[in-house]
Amino acid sequence: MKFTSSYEPKSFESEIYQGWESSPAFNPKPLTSVNPATFSKESSLKNRPFYSIVMPPPNANGNLHIGHGLTIALEDSLTRFYRLLGKSTWYVPGADHAGFETWVVYERALEAVGHSRFEYSRDELYARVWDFVQEQRGNMELQVRALGASCAWNDLTFTLDENVVSRVYKTFEKMWNDGYIYRGEKLVNYCPKHETAFADIEVEHIDEPGFLWDLKYELVNEDSDGFLDSSPECHKEYIVVSTTRPETLFGDQAVAVNPSDPRYKSLVGKRVKLPLTSRTIPIIPDEHADPEYGSGAVKITPAHDFDDFEVGKRHNLENLRVISDNGHMLPVCGDRYSDLTTEECRALVLKDLKEQGILLDSHKITHSVAHCYKCGTVIEPTLKEQWFIDTEKLAKTAISHLKKNEISFHPASKQKVLINYLEGLKDWNISRQIPWGIPIPMFKKIGTASSATGKENFDSAPEWIFDTRTNLKEIEIGGVLYARDEDTFDTWFSSSHWPIVCTDWTEESGSPFYPLNVMETGADILFAWVARMIMMGLYITGEVPFKDVYLHGLVLDSKGKKMSKSKGNVINPMELVDKYGSDAFRLGILRGRSAGMSQAFSEESVISGRNLCNKLWNVSRLIQTWVDEAENKNDVLSTSNMSEDWICREIDALRKKVEKCMSSYRFAEAVEEIYSTIWDKYADWFLESEKLFKNLPLLQKTLESLLIIAHPFMPFVTETIWQTLSWTSGMLISQPWPAPLEFDPISAEEFERLMSAVGEVRRVLSALKTQKHALKSVPPILYGDDSLISDNANLVKFLTRCPSVSSCEGSPRGIRLALSGREIYLDVSSEISDSYRETLEDRILSVGRELDALEARMRNPNYVDKAPAHLVEETRKGIEEKTALISRLKQELTVI
RNA sequence: GGACUCUUAGCUCAGUUGGCUAGAGCGUUUCUUUGACGUAGAAAAGGUCAGAGGUUCGAGUCCUCUAGAGUCCACCA
């Protein structure tokens, strides 16, 4: 390949990726090639020769969004970094069947062609979605490749793969045997549109305006003497209940009042007539009723409200369902209301109550309403028999391991947040009434086969049995027939196994890659996923599933607003990759981003990334040109001037800095360092100097080091350059991390002095150009007793573009630069130096202010006593230098 | 009600256990058609680190309070 004059990512990215993918680079080294002596269970993860990380599986049939772009930029830079360090690296890619999400998409597609899910059996639907997913599949994987993920594609794990399902079944069986799983009839969060239950975590609570209605429930006289109590409160003939859901009154089982509420004390035990029905219900005392809220009396509907369900349990109330699974009123509500939707029913009930004088008042309120996180439908708490996991022990175990700091969190604050969550964790409903997912391997006893043994066994057979033959609707065991539960698992139940299934962990031999080095994912799924992986990992393996957790925040739009389709501010990562290249995107999205923070993102940062790629491209092109032009190519590698010592020192510092940043997950800082080293140091100073020296072996070596260090963050362009350079061989992706470079530190410091001298020349020239006696042409430089300048006259001349740099021969003239330890003059006319007077005066003032600050510090005896000696010494030196500088500046002033 | 995070340049953000004159990118201004790069080079302007106390020789950094922004969990008849 040849270097084009500018960086054109489109011309090489896909080809480069194919090269990587067809090599063994993405795969972990075979176990036999890794020295087993270096691996033991006890050794810390840092020292083990493996590095493992798994990809949070993107939806198999979806497209990547900006969050995936960030995920892959983060994970892949870690993977490539540790690969370069020589670890056997395994980045396992994944694809998610995305149970509910995919189901919603599929059901919508079905409805679009005029069909309903209810026309098909569960098994038919499963088969149809399977085909649907296969048709849609592929884009995601191509997009992951386009982002440069160096993952082991051979090991791609789909969440419905056979090994995933069998592992999930194993866990379920163990939990069933250990008594962690139970079937219970409880109120569950239920989406009436999609007709499925959810875990608490999948419900979105939104504050909404609503009404609190006061209803009059009339007291009925059931006393034997036929008269109401004579106490003054009970001269009333009714009790006012406050409700936001009048339509559920058909299911009311009681009216609760607070036992300490004096208003209602004497009413406890009485009964009231339930409006619109012929039923009566009791007034019961319960702490749940808040005397401060509404009328202080609350109707209790155990089958349709979580709190009421608990009240009902305490008072042995009946759970009477009045709303169906699909959100319509049941026949029990009577012909007038039966079959209406809850909204229709509410309107009609209110109208009827008003006409009957039962609706007394209404108040505008704001209350939080539970919604389906996917379709936004209001969640209907519904009484259902479901499979639950008793989470108490799981959470307790997880908390104890977390408190022992076995997992370090980035950001650290999330550890506390997670413990806080686990401490209040309720039992976990894992049943979903959607066809797309892993079938629950439980079968219910339904009858007997026509054999004698069946009849014999039937009574003693358990109600439910575990069996993995979920491809069958019915099974027969010992003559007893069982039917499969048609529900599927909550996807978080199966995905909590992700670190275990992706590392091929087994009971027999574990896995050298388990626990994972790091789990990188979005902070928004800390509870849903990270918490569950920890609980499950500990339950199955006894070990935490990962040692580090890195959580990234949301990627917001350029104004800091959340991206959403409805707002139209969604940024598509693939468009940016297409426009500026994959590396530019990666640099742009990592830039200025820190753990756990939701931060803005814009195209500008990607453009800046593209510019860095272009810079590196041209740096490489220039060096290649010099190599091509050179006649003698057998020079020995060594530094031959101070800019070379300096750049070696800087690259070495960069290497260490990047190592440190990566081990503490400070990606943005690593990127920042790479930027400034490539651009400000290597290109602007070193390469400029090398235009005079052209020390080819050193140029080549330093460029190689930079390419390797930058590779984790900008893999395509660095690899392309590597493969284009004439002297390099093999692939960059599998090169060893650079060894320390040799340099003379004193010489490196000398170069810094030269840089500040050159900088001062440039600053003064720039100032003179804009003053009233504007400088027409660049003046010569004169030096007095200054070996740094005399020894490097050529370099100074080149870097400042001055026509000449020569000795003043004992007769200085022009402007003397205000640099301590330097004697440099700009040979300008007296008019020009006059015009510089003002600038000089400003300079004296500002140095004076700095001097004052330092002197004040030294006057403080506590500072001299208590501050570290080196700081005091530095302050002392600073005072000396600034004093000298001021006196010289003043001298200059008088000369002028 | 409980928990967490944030407030630093016009914008987006760094700033590790407190320590030299608080940094970067983008934007702005001036200069340069210079040899790889105009997707460039050289230089500049721009900050009472939200506010008030406190600890300390020393606070953007630690503590307390106040104000504002945001997130999560629980509850809300």
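Per chain, numbering begins at 1; letters A, B, ... match sequence-line order. These figures come from a predicted structure and were not determined experimentally. Side-chain atoms are counted along with the backbone in the values below, which use heavy atoms only and exclude waters and symmetry mates.
A/R621 comes within 4.0 angstrom of the backbone, heavy atoms only, and of no base. Residue A/S605 is out of contact with every strand shown, counting any heavy-atom pair closer than 4.0 Å. Within 4.0 Å (heavy atoms only), A/K299 reaches no atom of the nucleic acid at all. Among the atoms of the strands shown, none is found under 4.0 Å from any heavy atom of A/A256. Using a 4.0 Å heavy-atom criterion, one finds that A/Y675 contacts no nucleic acid atom at all. No contact: A/Y421 has no heavy atom under 4.0 Å from any strand. In this structure, A/D290 reaches the bases: a heavy-atom distance under 4.0 Å links it to at least one base atom across the strands shown. Residue A/L212 is in sugar-phosphate contact alone, with no base atom involved, counting any heavy-atom pair closer than 4.0 Å across all strands shown. A/E604 comes within contact range of the sugar-phosphate backbone alone, with a heavy-atom separation under 4.0 Å but no base atom that close. Residue contacts for A/P411: at a heavy-atom cut-off of 4.0 Å it reaches no nucleic acid atom on any strand shown. A/R857 comes within contact range of the sugar-phosphate backbone alone, with a heavy-atom separation under 4.0 Å but no base atom that close. Using a 4.0 Å heavy-atom distance criterion, A/A867 is classed as a base contact.
Listed pair A/W679 / B/G41 meets the phosphate criterion, a side-chain N or O lying under 4.0 Å from OP1 or OP2. Remark: A/K416 is in phosphate contact with B/C4, judged by side-chain N or O atoms under 4.0 Å from OP1 or OP2. Proximity of A/R763 to the phosphate of B/A44: a side-chain N or O atom is located under 4.0 Å from OP1 or OP2. Applying the 4.0 Å criterion to OP1 and OP2 of B/C73, one finds that A/K426 has every side-chain N and O outside that range. Taking only side-chain nitrogens and oxygens, A/Q599 never comes nearer than 4.0 Å to OP1 or OP2 of B/C6. Contact annotation: A/S594 reaches the phosphate of B/A14 (side-chain N/O to OP1 or OP2, under 4.0 Å). OP1 or OP2 of B/A43 lies within a sub-4.0 Å distance of a side-chain N or O belonging to A/R762. Residue A/N611 places at least one side-chain N or O closer than 4.0 Å to OP1 or OP2 of B/A40.
The closest side-chain donor-acceptor pair between A/D214 and A/H363 falls under 3.5 angstrom. Inspection of the A/T366 and A/D207 side chains reveals no N or O donor paired with an N or O acceptor under 3.5 Å.
Donor-acceptor pairing under 3.5 Å, judged by distance alone, is present between the side chain of A/R666 and the base of B/U16. Remark: the A/K769 side chain and the B/A44 base include no donor-acceptor N/O pair separated by less than 3.5 Å. Counting distance only, with no hydrogens placed and no angle test, the side-chain atoms of A/R801 and the base atoms of B/G35 include a donor-acceptor pair under 3.5 Å. Residue side chain A/E669 does not reach the base of B/A24 through any donor-acceptor N/O pair under 3.5 Å, judged by distance alone.
Checked against B/U16, B/C57, B/C13, the side chain of A/K866 finds its nearest nucleotide in B/C57. Picking from B/G35, B/C57, B/C20 the nucleotide with the shortest atom distance to the side chain of A/Y863 gives B/C57.
Taking the six-membered ring for Trp and thresholds of 30 and 60 degrees, A/F667 and A/Y550 have ring planes more than 60 degrees apart, a perpendicular arrangement. The aromatic rings of A/Y682 and A/F686 sit tilted relative to each other, their planes meeting at an angle between 30° and 60°. Ring orientation note: the planes of A/F12 and A/Y7 are tilted relative to one another, at an angle of 30° to 60°.
In this structure, the CD1 atom of A/I678 is 14 Å from the P atom of B/A40, given to the nearest Å. Between A/F409 atom CZ and B/A3 atom P there is a gap of 19 Å when expressed in whole angstrom units. Between the CG atom of A/D557 and the P atom of B/G70 there is a distance of 14 Å, given to the nearest Å. Between the CG atom of A/N860 and the C1' atom of B/U56 there is a distance of 11 Å, given to the nearest Å. The distance from atom NZ of A/K561 to atom P of B/U12 is 10 Å, rounded to the nearest whole Å. Whole-Å rounding puts the A/I589 CD1 to B/C13 P distance at 13 Å. Spacing between atom CG of A/D865 and atom C1' of B/G19 amounts to 17 Å, rounded to whole angstrom units. A/F798 places its CZ atom 7 Å from the C1' atom of B/G35, with the value rounded to the nearest Å.
For the pair A/R245 and A/W213, the cation does not sit on the ring face, since its NZ or CZ is not both under 6.0 Å from the ring centre and inside 45° of the axis.
We find that A/E688 and A/K691 are joined by a salt bridge, their nearest charged nitrogen and carboxylate oxygen being less than 4.0 Å apart. For the pair A/K403 and A/E423, the salt-bridge criterion is met [side-chain N within less than 4.0 Å of a carboxylate O]. With respect to the salt-bridge test (charged N to carboxylate O, under 4.0 angstrom), the residues A/K660 and A/E669 do not qualify.
The separation of B/C37 from B/G46, taken at their C1' atoms, amounts to 28 Å, rounded to a whole angstrom. B/G15 and B/U7 have their P atoms separated by 10 Å, given to the nearest Å. Rounded to whole Å, the separation between the C1' atoms of B/C49 and B/U61 comes to 10 Å. The same atom, P, is picked in B/G1 and in B/U56; the two are 35 Å apart, to the nearest Å. Using atom C1' as the reference point in both B/A36 and B/G58, the two lie 47 Å apart (nearest Å). Here the separation of B/G19 from B/A59, taken at their P atoms, is 11 Å to the nearest Å. Rounded to a whole angstrom, the distance from the C1' atom of B/A50 to that of B/G68 is 8 Å. B/C72 and B/G53: their C1' atoms are spaced 31 Å apart (whole Å).
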Q: Verify side-chain hydrogen bond (donor to acceptor under 3.5 Å, both in side chains) between A/R591 and A/S608, making sure each step is shown before the conclusion.
A: CA-CA 10 Å; A/R591 180 139 235 192; A/S608 138; 2.9 Å; yes
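With rounding to the nearest 0.5 Å, the separation of CD in A/Q415 from CG in A/L526 is 11.0 Å.
Between A/R610 and A/N618, the residue whose closest nucleotide on RNA chain B is further toward the 5' end is A/N618. Nucleotides of RNA chain B nearest to A/V417 and A/G759 differ in position, and the one nearer the 5' end is that of A/V417.
In RNA chain B, runs of at least 3 stacked Watson-Crick or G-U pairs (N1-N3 plus N6-O4 or O6-N4, or N1-O2 plus O6-N3, all under 3.5 Å) give these stems: B:1-7 with B:67-73, B:10-13 with B:23-26, B:28-32 with B:40-44, B:50-54 with B:62-66.
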